[in-house]
Amino acid sequence: MTIKNQIKKSFLVSLWFMFLTFPILVIQVNTVENVIKWRWLNMIGVGIGSFFLSILWRYMLEKRPEKGKQTKKYQLFFLNNILHEKKIFFPVIILLSLFVLCFPYIFSMYQTNIMISALIYVMMGLGLNIVIGLAGLLDLGYVAFFAVGAYSYALLNYHYGLIFWIALPLGGILALIFGVILGYPVLRLRGDYLAIVTLGFGEIIRLVLENWNDFSFGPSGISNIPKPCFLGIDLSLQGTTKYLFYIIVGMVALTIFVTNRLQNSRIGRAWIALKDDEIACQAMGINKGKTKLRAFGLGAMWAGMGGVIFAAKTTFINPASFTIWESVIILCTVVLGGMGSITGVVLGALLLILLPEYLRAFSEFRMIIFGAVLVLMMVFRPGGIIKNVRRIYKFDPILEKNSVKNEVNS
Amino acid sequence: MDFDFLTYLFFGGLTRGSIYALIALGYTMVYGIVELINFAHGEIYMIGAFTGLIISSVLTMLGLPILAIVVLSALTAIIYSCAYGYTMEKIAYKPLRDSNAPRLSALISAIGMSLFLQNYVLLAQTSDFLPFPNFIPDFEFWEPYAHILTSPELVILITTVIVMICLTILIKFTKIGKAMRATSQDKVMAVLMGVNINRVISITFIVGSATAAIGGILIACHIGQINFYMGFTAGIKAFVAAVLGGIGSIPGAVLGSFVLGLTESFFAGYFSSDYEDVFAFLFLVLILIFRPSGILGRAETKKV
Amino acid sequence: MKSILKVKNLTMNFGGLRALHNLNISINKKEIAALIGPNGAGKTTFFNCITGIYKPSNGDILISPKGNNEKINGLKPNIITKKGLARTFQNIRLFTSMTALENIMVGCHCVTKAGVIGAILNNKSTKAEERLIIEKSYFILKELGLEIYVNELVTSLPYGAQKRLEIARALATEPFLLLLDEPAAGLNPQETNELDELILKIREQNDISILLIEHDMKLVMSLSDNIHVVDYGKKIGEGTPKEIRNNPAVIKAYLGEEVV
Ligand SMILES: Nc1ncnc2c1ncn2[C@@H]1O[C@H](COP(=O)(O)OP(=O)(O)OP(=O)(O)O)[C@@H](O)[C@H]1O
Ligand SMILES: [Mg+2]
């Protein structure tokens, strides 16, 4: 396309967007005082912005890799290279673990608290990654299982004085049971119906928590949930924060370990096959329902445990923490990072949760950016920032005896 | 049982159903053609209501007569909703279609669009509820029946019927309607027969958006306030209605909407309005489990 | 001879369309049979019915891999695959986000059994099973001459290799009857010749029966022991290649299409 054409096209786009955003972005009505605020500056901004963005948009669309050819390009991505080179991988892992271990001693308690929240999201993202990234089931009610975990700890503690360490596995198991009970009837549905039904389920749980006062204390929620205690000793506030930090780090490590094992196992391959082609998957002798249920239940379990930790961290929960948008944020971390890729999800979650925390000016725009991220990622980079790279199997051609080398996987 | 209460609930349910129907049409038409649940459809309905409010406030301050205000703001709202629907399709869905992306991607893109539009209105306007002027007067001739069915409700019902008739004519008797039907039956064949698929899809989004905008303005008049979040729940409910009736089927969407509206109304009247939404979702789950193709949908064997 | 698959009066309706009409077909042990017929005759529908993807409207499907008749109509596709019927698809349906080897490893799913716990703990038996899967998959890959693509994503494979990979994947389920839906479609003459040998080799090495749908008459005539001809969902002929070549009903159905 010639430059003249480009400019003409972008000019038209920019006119169109100025028209489109005119009433909502320019006019603001104050219905109480009956005055209208005209914000012409916004219009100019939209005009200029959309002019350049449309050029960028078209350029990016053209540069979009052809289907099937994209893999080579992704493999050049430096992070993957780092992760696949053992010489680099191990030092990086050791440095990273050292950094994580020292984190609460280097940074303030405030930072540590933020990091704990971010790591809860990492854990949930990794759990949802099993459901969406591996098995391809769009679960929009994921937060319901988070709520199940959080409320089981809060309620069991309130009524029976159950301690954190018992509640943690119990919350996971309860969420898993919930997942299986919901999943059993629902997983037979077509993919897109599943999204709506799980979304509905998430809302049902929230509404029940909000309205069933006798059970859940309604909108006012439950407070004074104890933080975990260390060998029966009550720690100082700072001590518990550090302790909680190590707990969540441990849980994240466990999650990474488990999902990594799973994704390269017989079950993991069945999940991916199911995502790629349901009919061919069944023709390989894979039980569709059972395979889906496994993914759904396991995903729910991590959310449940995340919920227990969340309740212990905030010491107060109410239904407002479990809206559908929470599910969407977790979805966003998985999509941004790269569906199916563990490193991707970890990075995606850290990026999405930490950036708005540190860029305060930016946090107002958090949700709108999440929305844009979802759309843009799907349009330009459906594989996420770090695409899942399949495991490489090495065979020795001369000896004809295969020596399977397990490459480090992302 | 009180007969008046019964009729009150009945007409309440019909009104509710009409609004659901106006939104559900968009879902079902888009689904029929591109097999995509357009999550952001509820947002179009919300944008319609907002545009209507903004334009009518401006016109009121300019001192135009009430009739002119109503007509102009309704028209602008419809035009803007259509424009948003059209643009949304071009940005969030068309590139995915061009690259043959899996359905999961399109669905995620749709959720992103919904989140984006909601927060766009939230940031550009307000997170508070805005009062919406009641454009629909209480008709005098309707006075005797007003205790069961208010004038606004009457207008909603009549408008819905008119929209349905127009839509039926559009789909059954016009050239573009024929192209739509062809596309929804067999896309490849339609292309071979010279149907411009992209145009058909754009028009489908535009028509769906227009009906949603009409719904948005009507409900805003009826309830008297709007909020950036209004599209979300309404959108989900309308989707439930569309699935109930058999997604992809236009009469199905209308029927499903009325069934959902009525059952909800009776449920809220006789049991508890706290659990009204819970009930709607449970209803959806049960329908999908026992009759996934909906009331009027056909159970089709997918070609392998 | 012993038949391993008996289809009796199979009928399949799609709304008003009767795609299959009282079809009777029987396949013998170690036989290569062909199912031919003009476009839209109902051949793929027949495959879909016996592999459980469609639920037949009427009729019986019986298998007897070990001499005992067993009815399989109405069973789920995965159960049928477990019982020993494996298939390929007319339009390639590989798992596109996996490598060639992994595609075959998925095929091994129904003959292995490691579960979630096993995968997480990675205990001795799981490790051994996983090793077995890898070895077996690689063996099959080599059998079909695809070993150079081991770790390639399937989308980057040439068309012919993708078609062969589908056969490999089906073989991994250890079937007693392999159903191939147009294996030669889209292949060049040389590839078709290779396919001819490959199919014979597969039968010998795995000791199985093969039923193939094919439009390439040369391939059909040279390979098959027995040919079944359908048209408009009805069977119009059956016999050896020689008999079919001289069958007037078949010639009539194929009028305009070349019968070599
Ligand atoms: N799921 C379905 N729904 C409706 N009609 C179907 C379905 N599957 C197949 N048909 C119809 O059944 C008939 C037989 O189709 P089938 O695919 O079995 O033909 P075929 O013999 O495999 O043809 P080809 O050689 O072109 O592959 C066709 O008219 C087809 O349109
Ligand atoms: Mg066929």
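Every value quoted in this text rests on a predicted model; they were computed, and no experiment measured them. Just so you know, these numbers use all the heavy atoms, side chains as well, and skip hydrogens, waters and symmetry mates.
- Ranked by heavy-atom pairs under 4.5 Å with chain C, the first of T259(A), V258(A), I286(A), L262(A) is I286(A).
- Of the N and O atoms on the side chains of T44(C) and D181(C), at least one donor lies less than 3.5 Å from an acceptor on the other residue.
- Checked by atom type, the side-chain pair E31(C)/S209(C) shows no donor-acceptor distance below 3.5 Å.
- The two atoms that bring L336(A) and M377(A) nearest to each other are O-CE, 3.5 Å, heavy atoms only.
- Looking at L171(C) and I202(C), their side chains come closer than 4.5 Å, going by heavy atoms from C-beta outward.
- In this structure, E70(C) pairs ionically with K83(C), as a charged nitrogen and a carboxylate oxygen lie closer than 4.0 Å.
- Ranked by non-hydrogen atom pairs under 4.5 Å with chain A, the options V154(C), T112(C), L121(C), L101(C) are led by T112(C).
- Residue with the most contacts toward chain A among K82(C), K76(C), E102(C): E102(C) (heavy-atom pairs, distance under 4.5 Å).
- Ring centroid separation for the pair F47(C) and F89(C) does not come in under the 6.0 Å cut-off.
- Both the backbone and the side chain of V106(C) have a heavy atom closer than 4.5 Å to some heavy atom of chain A.
- When each of T173(C), T51(C), V150(C), N122(C) is scored by its heavy-atom pairs under 4.5 Å with chain A, the top score falls to N122(C).
- Top candidate by heavy-atom pairs under 4.5 Å with chain A, chosen from T96(C), T88(C), L94(C), is T96(C).
- At a cut-off of 3.5 Å, with distance as the only test, a side-chain donor of N48(C) or R87(C) sits close to an acceptor on the other residue.
- Contacts of I120(C) with chain A are made by both backbone and side-chain atoms, with heavy-atom separations under 4.5 Å.
- Both the backbone and the side chain of R266(A) come within less than 4.5 Å of a heavy atom of chain C.
- Per-residue heavy-atom pair counts under 4.5 Å with chain A were compared for A86(C), S97(C), C110(C), and the maximum is reached by S97(C).
- I133(C) touches chain A through its side chain: at least one heavy atom from C-beta onward sits under 4.5 Å away, while N, CA, C and O do not.
- No side-chain donor-acceptor contact under 3.5 Å links T126(C) and E129(C).
- Using a 4.5 Å cut-off between heavy atoms, L274(A) does not touch chain C at all.
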